[in-house]
> 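Here it is: the structure, laid out below.
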Number of protein chains: 2
Amino acid sequence: MNKTQAICADIAQKLTEQIENGSVKSGDKLPSERELCAQFGVNHHVIRFALARLVHLGLVVSHQGKGVFVSERVHEISYPLTNRTRFTENLQKQDVHADGKLLGWQIRQPSQKECLTLQLNPKDQIYDLHIIRYASGQPVSLTQTILAEHHVPGLNTFLTDFHSLYQLLEDHYNIKPLRISSVLQAVISCRQDTEWLGIPENVPILAIESIANDPTAGKPFEISCSRLRGDMCRCLINF
Amino acid sequence: MNKTQAICADIAQKLTEQIENGSVKSGDKLPSERELCAQFGVNHHVIRFALARLVHLGLVVSHQGKGVFVSERVHEISYPLTNRTRFTENLQKQDVHADGKLLGWQIRQPSQKECLTLQLNPKDQIYDLHIIRYASGQPVSLTQTILAEHHVPGLNTFLTDFHSLYQLLEDHYNIKPLRISSVLQAVISCRQDTEWLGIPENVPILAIESIANDPTAGKPFEISCSRLRGDMCRCLINF
DNA sequence: TAGTGGTCTAGACCACCCC
DNA sequence: GGGTGGTCTAGACCACTAT
């Protein structure tokens with residue numbers, strides 16, 4: 001049927017096969033775009049388009065001025081999702097070094113939706129934290145965390161040497177949040193993701209919105225919105 | 001810093017804003033590529049690149065020969081994931097009409113991994129079904145289902161008028177599978193997805209691999225690998 | 001300086017849709 | 001036939017990295 005626009009997809013296919021059957025290995029540099037042009041007898045743009053597809057699939061990464069390289073098999077993280085899931089603990093059990101860094105924070109008025117979810121008065125205030133998390137030194141997720149200010153008074157004083165949110169909450173407030181629900185969705189990377197996670201655009205991201213309780217108070221305590229690298233994170237659920 | 005390649009991203013940004021602030025509405029046709037070229041004073045390719053970004057974000061869909069249209073807000077499906085999750089039931093509770101179609105099936109030898117998971121002998125045989133599922137008539141997911149042949153003898157005779165797998169299993173074998181684990185991952189759409197689900201390439205997909213038990217036998221019964229449209233499916237988990 | 005990836009232009013031609 | 005999106009070519013120029 002429609003077999004005119006085969007060239008570009010064909011090249012992507014051939015390159016994919018070369019990677020998957022191991023004739024170019026993990027970490028290897030692909031021939032330069034100019035070389036591939038000559039090799040396949042096509043234009044610059046066709047090659048670039050084919051390579052873009054491989055980038056989206058996570059098979060290669062490209063570095064301006066250096067070349068295009070077959071992705072190192074990133075250590076895939078298994079992320080068991082339970083009501084007690086804690087990023088740091090989770091990874092340590094898999095013998096992976098975990099760390100978190102606070103990118104920024106503010107105290108602000110809650111939105112209408114945040115009021116509803118956290119059962120706040122409109123004049124209550126909230127902490128809004130942005131956290132990046134690392135596994136073995138590699139950035140894997142961006143998280144926005146919302147906490148009611150009156151639940152964690154003076155939180156700001158503990159933020160200077162931030163590593164693990166839940167550790168902090170336990171140490172200073174004796175609170176161990178319990179996750180009560182999560183919503184998972186597959187989305188595409190945006191500017192923010194590319195900047196912080198060091199990944200290209202148009203790459204899959206697992207978005208997780210969770211609500212956690214403070215079990216002693218039995219009330220909603222935390223809203224968190226995480227964006228996890230799709231190529232690194234597998235989310236496990238047991239019933 | 002790097003502010004040369006702003007044009008393309010800028011245009012994508014501007015078009016995105018026009019859609020999000022409602023100055024072009026859901027279902028509306030965007031100006032043709034030629035018109036946009038003139039409007040922004042740039043080349044064909046720049047416009048196409050910008051539009052591609054919108055496509056990946058799920059904001060627009062393009063139809064050859066007709067034009068580029070702002071995506072109709074697809075009815076987002078909430079997909080509660082529990083050990084009793086059944087696609088058909090699930091959607092009916094949300095007053096959404098659900099249906100399934102069998103794309104194909106075969107009986108074959110299990111792979112090593114399938115043997116292990118389903119606790120089979122290498123000489124056992126398995127049913128391998130490919131199912132597409134619809135919500136309100138729109139395709140939302142592709143699923144591969146693996147069942148041991150000796151658990152569902154003569155299954156083939158029931159496949160001619162297929163609508164709901166779990167209904168079939170209950171009606172003819174009195175089996176109500178219980179999900180015991182799921183693995184969720186964000187990936188990117190492949191050829192197969194684009195063909196069956198009617199979505200473009202490089203669009204997010206939620207991949208779910210599940211294992212279910214036959215509760216009366218207490219043994220692994222089914223492996224299913226689903227690929228859900230990222231723009232339509234939100235997966236809910238309660239703890 | 002020379003090589004790499006990245007962005008943009010100008011223009012040809014194809015496939016599809018609708019009148 | 002005249003519109004639309006889709007693919008490909010040829011070539012210029014920029015930004016980054018090595019050496």
Side-chain angles (χ1 to χ4, degrees), chain A residues 1-15 24 27-56 58-71 189 191 194-195 198-203, chain B residues 1-15 24 27-56 58-71 189 191 194-195 198-203:
Chain A
M1 312 308 165
N2 61 333
K3 280 299 115 192
T4 48
Q5 87 291 24
I7 306 178
C8 184
D10 266 7
I11 294 177
Q13 182 64 32
K14 279 175 187 158
L15 292 174
V24 284
D28 281 3
K29 183 180 165 304
L30 259 54
S32 76
E33 292 184 357
R34 270 86 168 172
E35 283 178 279
L36 289 171
C37 288
Q39 185 177 324
F40 288 101
V42 295
N43 188 276
H44 192 188
H45 292 96
V46 178
I47 293 296
R48 286 189 59 71
F49 226 82
L51 288 176
R53 174 69 184 156
L54 301 205
V55 170
H56 296 151
L59 291 173
V60 301
V61 290
S62 81
H63 299 292
Q64 188 169 3
K66 296 208 271 190
V68 177
F69 300 84
V70 179
S71 301
S189 59
R191 241 318 254 304
T194 69
E195 281 176 13
I199 52 174
E201 274 195 347
N202 297 328
V203 141
Chain B
M1 314 305 165
N2 61 332
K3 281 298 114 189
T4 48
Q5 88 290 23
I7 306 178
C8 184
D10 267 7
I11 294 176
Q13 182 64 32
K14 280 174 186 157
L15 292 174
V24 284
D28 282 3
K29 183 179 164 307
L30 259 55
S32 75
E33 293 184 356
R34 269 87 166 172
E35 284 178 278
L36 289 171
C37 289
Q39 186 177 321
F40 288 101
V42 295
N43 188 276
H44 192 189
H45 293 96
V46 177
I47 292 296
R48 285 190 59 71
F49 226 83
L51 288 176
R53 175 68 184 156
L54 301 205
V55 170
H56 295 150
L59 291 172
V60 302
V61 290
S62 81
H63 298 292
Q64 187 168 4
K66 296 207 272 190
V68 177
F69 300 84
V70 179
S71 301
S189 58
R191 240 322 253 302
T194 70
E195 281 176 14
I199 52 174
E201 274 195 345
N202 297 329
V203 140

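Keep in mind it's a predicted model, so treat the numbers as computed, not measured. Protein chains get the first letters and strands the later ones, always in sequence-line order, with residue 1 at the start of each.
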> Among the nucleotides D:dT7, C:dT7, D:dC8, which one has an atom lying closest to any side-chain atom of B:His45?
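My answer, after comparing the listed nucleotides, is D:dC8.
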
> Which nucleotide sits closest to the side chain of A:His44: D:dG5, C:dG6, D:dT17?
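Closest nucleotide among those given: C:dG6.
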
> Heavy atoms from C-beta onward define the side chain here; which of C:dC17, C:dG5, D:dT4 lies closest to that of A:Glu33?
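The nucleotide sitting nearest to the side chain is C:dG5.
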
> Can you see if the side chain of B:Arg48 gets near the phosphate of D:dG6 - specifically, an N or O under 4.0 Å from OP1 or OP2?
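True: B:Arg48 side-chain N/O within range (under 4.0 Å) of D:dG6 OP1/OP2.
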
> Look at the side chain of B:Val46 and decide which nucleotide, out of D:dT4, D:dT9, C:dT9, has an atom nearest to it.
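Given the options D:dT4, D:dT9, C:dT9, the side chain of B:Val46 is closest to C:dT9.
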
> For B:Ile11 and C:dT7, what is the distance between atoms CD1 and C1' respectively, to the nearest whole Å?
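So the two atoms are 12 Å apart, to the nearest Å.
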
> Could you tell me how far apart A:Leu54 (CG) and C:dG5 (P) are, to the nearest whole angstrom?
13 Å

> Mind checking B:His63 for me? I need base, sugar-phosphate or nothing, with any heavy atom below 4.0 Å counting as a touch.
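Touches sugar-phosphate only.
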
> From D:dA15, C:dC13, C:dC8, pick the nucleotide closest to the side chain of A:Gln64?
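Nearest nucleotide to the side chain: D:dA15.
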
> Measure from the side-chain heavy atoms of B:Lys66 and tell me the nearest of D:dT9, D:dA18, C:dC18.
C:dC18

> For A:Lys29 and D:dT17, what is the distance between atoms NZ and P respectively, to the nearest whole Å?
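To the nearest whole Å, that distance equals 15 Å.
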
> Would you mind telling me which of D:dT7, C:dC13, D:dT17 lies closest to the side-chain atoms of B:Arg34?
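Of the candidates, C:dC13 comes closest.
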
> In whole angstrom, give the distance that lies between atom CZ of B:Phe49 and atom C1' of D:dG6.
14 Å

> May I ask you to test the B:Leu15-B:Leu51 pair for a side-chain heavy-atom distance under 4.5 Å?
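The answer is yes; the side chains approach within 4.5 Å.
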
> Supply the atom-to-atom distance A:Leu36 CG to A:Leu30 CG, rounded to the nearest 0.5 angstrom.
6.0 Å

> Using OP1 and OP2 only, check whether a side-chain N or O of B:Ser32 sits under 4.0 Å from D:dG3.
no

> Please confirm whether the shortest side-chain N or O distance from B:Ser62 to OP1 or OP2 of D:dT4 is below 4.0 Å.
no

> Does any non-hydrogen side-chain atom of A:Val70 lie less than 4.5 Å from one of A:Leu59?
no

> May I have the distance from B:Ile7 (atom CD1) to D:dC13 (atom P), rounded to whole angstrom?
15 Å

> Considering only residues two or more places apart or on different chains, which pairs with a residue in residues 36-51 of chain A satisfy salt bridge (Lys or Arg N to Asp or Glu O under 4.0 Å)?
A:Glu33-A:Arg48

> Rounding to a whole Å, what distance do you find between B:Asn43:CG and D:dG6:P?
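Nearest whole value for this atom pair: 15 Å.
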
> Expressed as a whole number of angstroms, how long is the span from A:Glu35:CD to C:dG3:P?
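Atom CD in A:Glu35 sits about 11 Å away from atom P in C:dG3.
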
> If I take atom CG in residue A:Leu51 and atom P in nucleotide C:dT4, what distance separates them, rounded to the nearest angstrom?
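Between P of C:dT4 and CG of A:Leu51: 13 Å.
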
> Decide if atom CZ of B:Phe49 counts as having more than 12 heavy atoms of other residues, nucleotides or ligands within a radius under 6.0 Å.
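Incorrect, the count does not exceed 12.
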
